[in-house]
There are 2 protein chains.
Amino acid sequence: MTSVGVPEVFARRPKRADARRNYEALVAAAREAFGERGTSASLEEIARRAQVGIGTLYRHFPTRQELLEAVYVDEVEALCRSAAELADLPPWDAFVAWINRFVAYVATKRALAEELVDSEVFRGCRTAIYAAGEPMLRRAQEAGVARPDATFDDVLRLLSGITAAQFTEPGQRERVLGFALDGLRQPTAAR
Amino acid sequence: MTSVGVPEVFARRPKRADARRNYEALVAAAREAFGERGTSASLEEIARRAQVGIGTLYRHFPTRQELLEAVYVDEVEALCRSAAELADLPPWDAFVAWINRFVAYVATKRALAEELVDSEVFRGCRTAIYAAGEPMLRRAQEAGVARPDATFDDVLRLLSGITAAQFTEPGQRERVLGFALDGLRQPTAAR
DNA sequence: TTGCATCCGGAGGCAACCCTCCGCTAGTTT
DNA sequence: AAACTAGCGGAGGGTTGCCTCCGGATGCAA
């Protein structure tokens with residue numbers, strides 16, 4: 001628990017060139033397929049999309065679960081990296097900016113996450129996200145610009161839903177997100 | 001289009017006693033099954049649960065879609081009825097109370113709703129929900145207790161996500177919902 | 001270049017699901 | 001209570017998906 005660094009959850013890719021190529025193609029194909037067809041997309045279709053034999057898919061991901069996890073981890077990895085880049089903004093702005101990335105990254109991944117609740121990897125990702133986002137909330141609270149009675153967990157649950165909704169009207173997502181963020185602001189804070 | 005009353009979407013049940021019994025058993029079984037297994041639950045399992053032949057299921061609901069719709073309509077129907085009962089509360093309280101029912105009723109129905117986007121019945125239900133809830137928001141806005149720049153659509157999207165999240169810690173749902181509602185309040189309103 | 005460990009591909013057996021079809025059952029009406 | 005239907009059930013054929021297994025291909029180290 002000393003250095004947070006890159007959590008161990010984050011994927012270990014195959015070493016041999018062809019294997020690695022296939023691994024990546026499979027994750028990409030799976031991301032698409034799960035996105036379009038939901039988490040029960042056919043594994044054989046995914047193999048087809050990746051231009052890879054079904055056997056290859058099963059070698060890399062003996063379980064549908066493992067493939068789901070691989071896709072998910074991929075997204076989370078990117079999200080966590082982005083937290084570090086925001087450190088020098090003012091507390092509230094940094095918080096809001098990260099939340100925006102959170103919304104963007106996780107937007108299409110809800111169905112996926114649902115399938116992964118109570119999975120080892122999922123818990124790992126959760127930890128990683130907390131490690132990235134929780135300090136930003138705390139900083140905003142210590143600066144007196146975020147309400148002190150909200151936990152980071154509360155924030156995630158409040159916002160993760162907004163990511164789910166389909167917004168057609170342009171700007172609506174931002175507006176709605178704004179309402180939610182107003183609800184998280186220090187009530188006495190100026191506006 | 002004169003009287004709103006009971007929208008035409010709301011289901012027309014079979015007339016004969018046994019048929020009606022089976023219809024109801026099927027919807028109930030489907031609600032459970034879709035809840036547990038997701039929208040791709042096996043139709044044969046649903047028939048089994050309902051203690052009904054598979055043929056009977058197909059006669060009542062020639063399409064998986066139609067069964068999904070029947071389950072969904074059932075929920076919405078109850079929700080809409082509940083709006084009328086709140087008319088004599090003060091504007092903000094009425095609004096909050098309805099929102100709470102909304103959250104409770106729709107909680108487990110998200111996956112279901114997802115499958116139904118761009119379905120005729122779904123649009124009908126959407127209309128019904130608007131008819132029930134939109135006046136409550138407007139009343140609160142006219143009383144100056146809800147922010148005037150939020151549409152009812154915004155409200156639904158803001159809240160429908162919260163319904164999705166799994167809350168383990170008791171009271172968390174209420175707390176988080178409270179944050180969201182604070183975000184919807186008239187900013188200048190006392191607290 | 002050679003040799004080997006690793007990786008590939010897809011045929012094939014198995015299981016689950018979908019949906020139709022039709023002989024039978026049982027509400028309903030008179 | 002008799003006749004008339006609407007409704008029931010489940011066997012069965014077709015399809016699709018899951019997963020294993022192993023002969024052959026291929027990257028890589030020496």
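On a predicted model such as this, the values are computed, not experimentally measured, just so you know.
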TODO: State whether B/N22 places a side-chain N or O below 4.0 Å from either non-bridging phosphate oxygen (OP1 or OP2) of D/dC8.
DONE: yes

Open item on the list: Taking 4.0 Å as the cut-off, does a side-chain nitrogen or oxygen of B/S42 come that near to OP1 or OP2 on C/dC18?
Closed with: yes

TODO: Round to a whole Å and report the spacing from CD of B/E45 to C1' of C/dA16.
DONE: 12 Å

Open item on the list: Can you measure B/R49 atom CZ to C/dC17 atom P for me and round it to whole angstrom units?
Closed with: 12 Å

Task: Between D/dC18 (C1') and A/R48 (CZ): distance, integer Å - done: 13 Å

TODO: Please tell me which of the listed nucleotides, D/dG9, C/dA26, D/dC19, lies nearest to the side chain of A/I54?
DONE: D/dC19

Open item on the list: I need the CG-P distance between A/L67 and D/dG17, as an integer number of Å.
Closed with: 16 Å

TODO: Output all residues satisfying side-chain hydrogen bond (donor to acceptor under 3.5 Å, both in side chains) with B/E24, sequence neighbours left out; order by chain, then residue number.
DONE: B/R13

Open item on the list: B/D154 vs B/L184, test: side chain to side chain contact (heavy atoms under 4.5 Å, CB included). Steps then yes/no.
Closed with: CA-CA 10 Å; B/D154 292 346; B/L184 288 173; 5.9 Å; no

Task: Spacing between B/Y23 atom OH and C/dG27 atom P, to the nearest angstrom - done: 20 Å

TODO: Check the distance between C/dC7's P and A/L57's CG and give it to me in whole angstrom.
DONE: 15 Å

- [ ] Respond yes when some side-chain nitrogen or oxygen of B/H60 is under 4.0 Å from OP1 or OP2 of D/dG7, and no when none is.
- [x] no

Task: Check: B/L68 and B/V71 side chains under 4.5 Å, non-hydrogen atoms - done: no

Open item on the list: Reading DNA chain C from 5' onward, which residue's closest nucleotide shows up sooner: B/P62 or A/A19?
Closed with: A/A19

Open item on the list: Using a strict threshold of under 4.0 Å (side-chain N to carboxylate O), is an ion pair present between B/E85 and B/R101?
Closed with: yes

Task: Nearest-angstrom distance from the residue atom CZ of B/R16 to P of C/dT25 - done: 14 Å

Task: d(CZ, B/F61; P, D/dG9) in whole Å - done: 14 Å

TODO: Identify, between B/E44 and B/R21, the residue whose nearest nucleotide on DNA chain C lies closer to the 5' end.
DONE: B/E44

TODO: Indicate, with a heavy-atom threshold strictly under 4.0 Å, whether A/R59 touches base, sugar-phosphate, or nothing.
DONE: base

- [ ] Output the single nucleotide from C/dC18, C/dG27, D/dG27 whose closest atom is nearest the side chain of A/A17.
- [x] D/dG27

- [ ] Kindly say if B/T56 contacts the phosphate of D/dG9, meaning a side-chain N or O under 4.0 Å from OP1 or OP2.
- [x] yes

Open item on the list: Looking at A/A150, is its backbone amide N or carbonyl O close enough to the side chain of A/Q141 to form a donor-acceptor pair, meaning the two atoms are under 3.5 Å apart?
Closed with: yes

